[in-house]
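Here the structure is laid out as structure tokens; the discussion comes afterwards.
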Amino acid sequence: MNILVLNCGSSSLKFQIIETDLDLIENDADRRLASGLLERVVGNALITLQVEGQAKIRETAPLRDHKAAIDYVLRWIVSPNSNINHIKSLADIHAVGHRVVHGGENFTKSVLIDENVIEQIEDNIELAPLHNPANLKGINGARELLGTGVPQVAVFDTAFHSTMPETSYLYALPYQMYRRHRVRRYGFHGTSHRYVAYRYRQLLGIEREKTNIITLHLGNGCSACAIKNGDSLDTSMGLTPMEGLVMGTRSGDVDPSILEFIHLKEGIGMRDIDTMLNKQSGLLGISGLTNDMRELLAEEQEKNDRRARLAIDIFCMRAKKYIGSYLAEMGGADSIVFTGGIGENSAAIRERICKGLEWMGLTIDKEKNGALFGGKEGEISTSDSRLKAFVIPTNEEMLIARDTVRTIKNVPRRW
Ligand code: ADP
């Protein structure tokens, strides 16, 4: 089957077309046929399109909304110019898989989209006001353009974490806050943590139930996940994707009383403080330079910039703290797995996070570590390490495509 995978952000649309099916999944033979990114949707959009194995095409076009963006993508997909293998007309797109950020407590696995599912995703808008409305625009746009005859599946960022016990997901707030308003930890990046755990057990040839690892997704957004016996036991993001690790522009953990303190001192309201924590903090906030880790590493090395170094050091120390606390919570783990743009590409950051963990039995092999970037996977710890470390590139789109097929074909599985 050819699956169109859609990931709609507030002003962007990412897509991939993936050829997959149950037998292809079994043999790891599914593959991407094309991909693209449309930025600045609503306005003069910047568009990047690529047929697998060919050069990227860059263009601009005025786009009214997400539906217009999807329409643009569909027209390109079937146009003779793109000439994508196996795709001649819209009838060759057999299903659509959507990334949906917040599934709340309603969704513990991927589901076939119908009116009822749409209503429930709408119910979760209050939990993810920036993300779920954009995801819904993608769902509604695709339904209008392709017709309801083409099955569509929602794959939730939160679903993998639905196995967390109360001891992980409840905050120590008055219990009514949970009962009345569903205030609890949900966790995000679930599709990434789940994909990486799946690849890990494939690499090592172990069963799902024997997977005991800590996954660190370090990209623009960052999160850690304690995976015990194959399930998410705990994760660093919370009610929203703000909690936990230091991120590109998000603060991660802070003392909640800081909010009122800043409100009183700076005379700014909750909305501005939220913007500060979400958009002006993290690596950008500390360094005062950029949210881009590559640029910070360059500033540190070439100009010896003190605040660039500080931002990187705080980033690495927070990740280390989470490794320590998850090891305690899990009663030990077999491996730490790095993924995401930073985790997959930066040997320096991986080394800095793991430095000082030798007493736990983890020693990084500099040569192996330095050799893994740009989509390569493998072990980066020394062969005698008791606690091992791996790099495994994530592939959320592939998992969304696979879930789409399995959901349509009603293949029972554990999540
Ligand atoms: P997103 O979370 O938006 O999907 P990515 O997973 O692509 O983002 O991660 C983006 C981050 O990865 C940026 O901070 C970028 O600087 C960083 N990154 C990419 N390549 C490298 C590299 N070689 N060294 C250090 N950081 C890198």
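In this chain, residues are counted from 1 in sequence order. Just so you know, ligand 1 is whichever comes first in the structure, and atom 1 is the first atom listed for that ligand. A quick note: this is a predicted structure, and the numbers were derived from the prediction, not measured.
Between the CE atom in Met398 and the OH atom in Tyr198 there is a gap of 9.0 Å [rounded to 0.5 Å].
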How far apart are the C-alpha atoms of Trp76 and Ile47, what are their side-chain angles, what is the distance that settles it, and do they pass the side-chain contact (heavy atoms from CB on, under 4.5 Å) test?
CA-CA 11 Å; Trp76 175 72; Ile47 301 168; over 6 Å; no
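The residue from His102, Arg182, His131 that alone fulfils the side chain to side chain donor-acceptor pair (under 3.5 Å) condition with Asn124 is Arg182.
Between His217 and His193 there is a side-chain heavy-atom pair separated by less than 4.5 Å.
Taking the six-membered ring for Trp, Phe188 and His161 have ring centres at least 6.0 Å apart.
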Under 3.5 Å: N or O atoms of ligand 1 paired with protein N or O:
residue, atom, partner, partner atom, Å
ligand 1, 2 (O), Asn220, N, 2.9
ligand 1, 3 (O), Asn220, ND2, 3.1
ligand 1, 6 (O), Gly341, N, 2.8
ligand 1, 8 (O), Asn220, N, 3.4
ligand 1, 12 (O), Ile342, N, 3.3
ligand 1, 14 (O), Met293, N, 3.1
ligand 1, 16 (O), Asp292, OD1, 2.4
ligand 1, 16 (O), Met293, N, 3.2
ligand 1, 16 (O), Arg294, N, 3.1

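Relative orientation of the Phe156 and Phe107 rings is parallel, given thresholds of 30° and 60° on the angle between their planes.
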